[in-house]
Every structure is written in C-alpha cells, then in structure tokens.
Asks: 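Have a look at this one before I ask anything.
Because only heavy atoms are used, hydrogens play no part in the values below, and waters and symmetry mates are left out as well, while side chains stay in. If you read the sequence from its start, that first residue is 1, and numbering goes on from there.
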Amino acid sequence: MEKKSKILIVILCLFTGSLLHAQTIQIRNFDDLMQSLNSGEKVRIVMHYSKCNLFIDQKEQPSSPDAVSGMEISTFEYFAPGATGNNLAFLVFSDSKVISNPKGKGYVYNYGKVRINSDNKVIITARYLNPKNFKVIMDEYFEGEINDGKNKGGVYVYK
C-alpha cells in the first residue's frame, strides 16, 4: 500500500472514532445517571416545563408554561437513603446566572435547583432574585420525571 493511502486511512479512522465518541446518549433513569456522574461523564439536563406540574405558593397550577431550560450538571451532591432522614436516594445540583428579566425591567439572578430522586421523580425550583438585595421576585417549582423514552416525562438527561 502506498504511503498516501496509509495516511488517509489513519486520518479516516481518527475522524470516525471522534464522531462516535461525540455522540449524545440519553440517560433514561437515576441509576444510569449516577453511573455516568460517578465515572466522570459530562451530563446535561433539559427540562420541558409544559410536561411538568407547576406549583406557586405550594398550590398546583392548571398549566405550566411552554418553556425549556437546560443546564450542565457540574457540581452536585448525592445522598444515599437515610443520609438526611430521606427514604430515597437523591441527587441535587443548582446553578445561577444573571439574565435580563423576562417578566419585567432590568436584570435578575436566575436561580435553578434540581433534585432527582432514585424513583426518577424530579423537583425543579426556579427563582428570580433581585441582584441588589437578593429579594425573591419569582418563586415557583415544578414536579416531573426523567423521560425514559416510553413515558411522557419532561426531564431529559444526556451524556
């Protein structure tokens, strides 16, 4: 085989291998999520709020907004059953970003916290905080579940 052909084959193999490695894979349950996190995988969560139940002031609302958000799980905490008096194991993580206030003027801290229980149920807390005094401008939470490809869960997890 000629030298140019060998180089071309090596380049094609490297390119194909990197494409296969970059493929996004849906995580369909809590155990697979924890396995991915424990092995150091990069994991993202995408939340479709219209597929979750919305609660404001502890009262369930008749509908949820047709909105989507996403975040990378970078810093997280895992609690085994009984670690904090909890019956189920759970994972919790959060993030905060300054955004232009979609419900008013100026800017707000957009705080999101996600708790995923070992039964695949998910609780999402969404708050807008005034950046000057940290007073809560909006406070709501959503209840949903991990989408396993068969259910209508609004929380998608990917690695």
Side-chain angles (χ1 to χ4, degrees), residues 20-159:
L20 292 174
H21 182 68
Q23 184 179 13
T24 300
I25 299 170
Q26 184 176 352
I27 297 172
R28 299 178 189 272
N29 60 58
F30 181 85
D31 292 334
D32 290 347
L33 169 59
M34 288 310 306
Q35 182 179 11
S36 294
L37 290 171
N38 283 326
S39 65
E41 297 270 0
K42 286 188 177 185
V43 177
R44 290 194 50 81
I45 180 170
V46 178
M47 298 154 284
H48 295 258
Y49 295 109
S50 63
K51 296 180 179 182
C52 299
N53 298 319
L54 168 63
F55 293 82
I56 299 174
D57 296 328
Q58 308 299 317
K59 295 177 187 164
E60 187 170 1
Q61 303 300 301
S63 64
S64 295
D66 189 6
V68 179
S69 69
M71 65 190 328
E72 187 172 320
I73 302 175
S74 56
T75 303
F76 65 89
E77 292 182 295
Y78 165 82
F79 295 91
T84 61
N86 49 307
N87 292 327
L88 298 172
F90 69 93
L91 172 73
V92 66
F93 52 94
S94 64
D95 199 4
S96 181
K97 303 283 186 208
V98 175
I99 63 168
S100 179
N101 187 352
K103 293 186 169 197
K105 295 179 182 178
Y107 295 93
V108 293
Y109 279 113
N110 181 8
Y111 171 74
K113 179 178 84 173
V114 179
R115 175 180 168 147
I116 303 177
N117 293 324
S118 58
D119 64 357
N120 297 325
K121 301 293 184 207
V122 181
I123 299 171
I124 305 158
T125 301
R127 289 191 182 121
Y128 289 167
L129 304 172
N130 182 315
K132 293 180 182 174
N133 57 22
F134 294 99
K135 287 188 179 180
V136 176
I137 297 169
M138 180 203 74
D139 187 6
E140 53 193 29
Y141 75 94
F142 298 83
E143 291 182 358
E145 64 183 315
I146 295 175
N147 185 292
D148 65 7
K150 297 175 189 166
N151 64 16
K152 296 185 183 208
V155 179
Y156 295 78
V157 185
Y158 301 98
K159 63 178 179 176

Asks: Do you know the tightest heavy-atom contact between I123 and Y141?
Replies: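 Closest approach of I123 to Y141, heavy atoms only: CG2-CD1, 4.1 Å.
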
Asks: Listed by chain and number, what are the ring-ring contact (aromatic ring centres under 6.0 Å, His included) partners of F79, not counting sequence neighbours?
Replies: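 For F79, the residues satisfying ring-ring contact (aromatic ring centres under 6.0 Å, His included) (neighbours in sequence not counted) are F90.
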
Asks: Grab the two heavy atoms, one from C52 and one from G144, that are nearest each other, plus how far apart they are.
Replies: SG-CA, 4.0 Å

Asks: Which distance, rounded to the nearest 0.5 Å, do you find between the CG of D148 and the CG of N29?
Replies: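 Spacing of CG (D148) from CG (N29) equals 8.0 Å.
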
Asks: How about K159: does its NZ atom have over 12 heavy atoms from other parts shown lying under 6.0 Å from it?
Replies: yes

Asks: Tell me, please, which residues at least two apart from Y158 pass ring-ring contact (aromatic ring centres under 6.0 Å, His included).
Replies: none

Asks: State, with a plain yes or no, whether a side-chain heavy atom of V155 is found less than 4.5 Å away from one of V114.
Replies: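 V155 does not reach V114 side chain to side chain.
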
Asks: What distance do I99 atom CD1 and N110 atom CG have between them, rounded to the nearest 0.5 Å?
Replies: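 The distance works out to 4.0 Å.
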
Asks: Mind checking side chain to side chain contact (heavy atoms under 4.5 Å, CB included) for S64 and listing every partner two or more places apart, or none if nothing turns up?
Replies: L54, F142

Asks: On a heavy-atom basis, which atom in K59 and which in Q61 lie closest, and how many Å separate them?
Replies: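 That closest heavy-atom pairing would be O-NE2, 2.8 Å.
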
Asks: Mind jotting down which residue pairs meet the salt bridge (Lys or Arg N to Asp or Glu O under 4.0 Å) criterion with at least one end in residues 63-83? Sequence neighbours excluded, please.
Replies: none

Asks: Give a yes or no answer on whether the side chain of N101 reaches the backbone of N130 with a donor-acceptor pair at less than 3.5 Å.
Replies: no

Asks: CD1/I116 to CD1/I27 distance, rounded to the nearest 0.5 angstrom?
Replies: 9.0 Å

Asks: What residues form a salt bridge (charged side-chain N to carboxylate O under 4.0 Å, His left out) with R127, not counting sequence neighbours?
Replies: D139

Asks: If you compare all heavy atoms of N147 against all heavy atoms of K152, which two are closest, and at what distance to 0.1 Å?
Replies: ND2-C, 4.2 Å

Asks: Please enumerate all residues that pass ring-ring contact (aromatic ring centres under 6.0 Å, His included) together with F93, with sequence neighbours excluded.
Replies: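 So F93 forms no ring-ring contact (aromatic ring centres under 6.0 Å, His included) with any residue.
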
Asks: Kindly write out the residues that satisfy side chain to side chain contact (heavy atoms under 4.5 Å, CB included) with N38, not counting sequence neighbours, or none if the list is empty.
Replies: M34

Asks: Nearest 0.5 Å please: distance from the CG atom of N120 over to the CZ atom of R28.
Replies: 12.0 Å

Asks: Among all residues two or more places apart in sequence or in another chain, which pass the ring-ring contact (aromatic ring centres under 6.0 Å, His included) test with F30?
Replies: none

Asks: Which pairs, with at least one residue in residues 85-100 and sequence neighbours excluded, count as a side chain to side chain donor-acceptor pair (under 3.5 Å)?
Replies: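 Of all non-adjacent pairs touching residues 85-100, those that pass side chain to side chain donor-acceptor pair (under 3.5 Å) are T84-N86.
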
Asks: With rounding to the nearest 0.5 angstrom, report the CD1 to NZ distance, I137 to K135.
Replies: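 The CD1 atom of I137 sits 10.5 Å away from the NZ atom of K135.
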
Asks: Side chains of L129 and V136: closer than 4.5 Å at any heavy-atom pair?
Replies: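 Yes, side chains in contact.
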
Asks: For P131, give me all partners under side chain to side chain contact (heavy atoms under 4.5 Å, CB included), at least two apart in sequence or on another chain.
Replies: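 So P131 forms a side chain to side chain contact (heavy atoms under 4.5 Å, CB included) with Y109.
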
Asks: So which pairs with a foot in residues 40-58 pass side chain to side chain donor-acceptor pair (under 3.5 Å), sequence neighbours left out?
Replies: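 As it turns out, the side chain to side chain donor-acceptor pair (under 3.5 Å) pairs with a partner in residues 40-58, which skip direct neighbours, are Y49-S69, K51-Y156.
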
Asks: In Å, rounded to the nearest 0.5 Å, how long is the span from CG of L91 to OG of S118?
Replies: 10.5 Å

Asks: Using the test salt bridge (charged side-chain N to carboxylate O under 4.0 Å, His left out), find all partners of E145 that sit at least two apart in sequence or belong to another chain.
Replies: K121

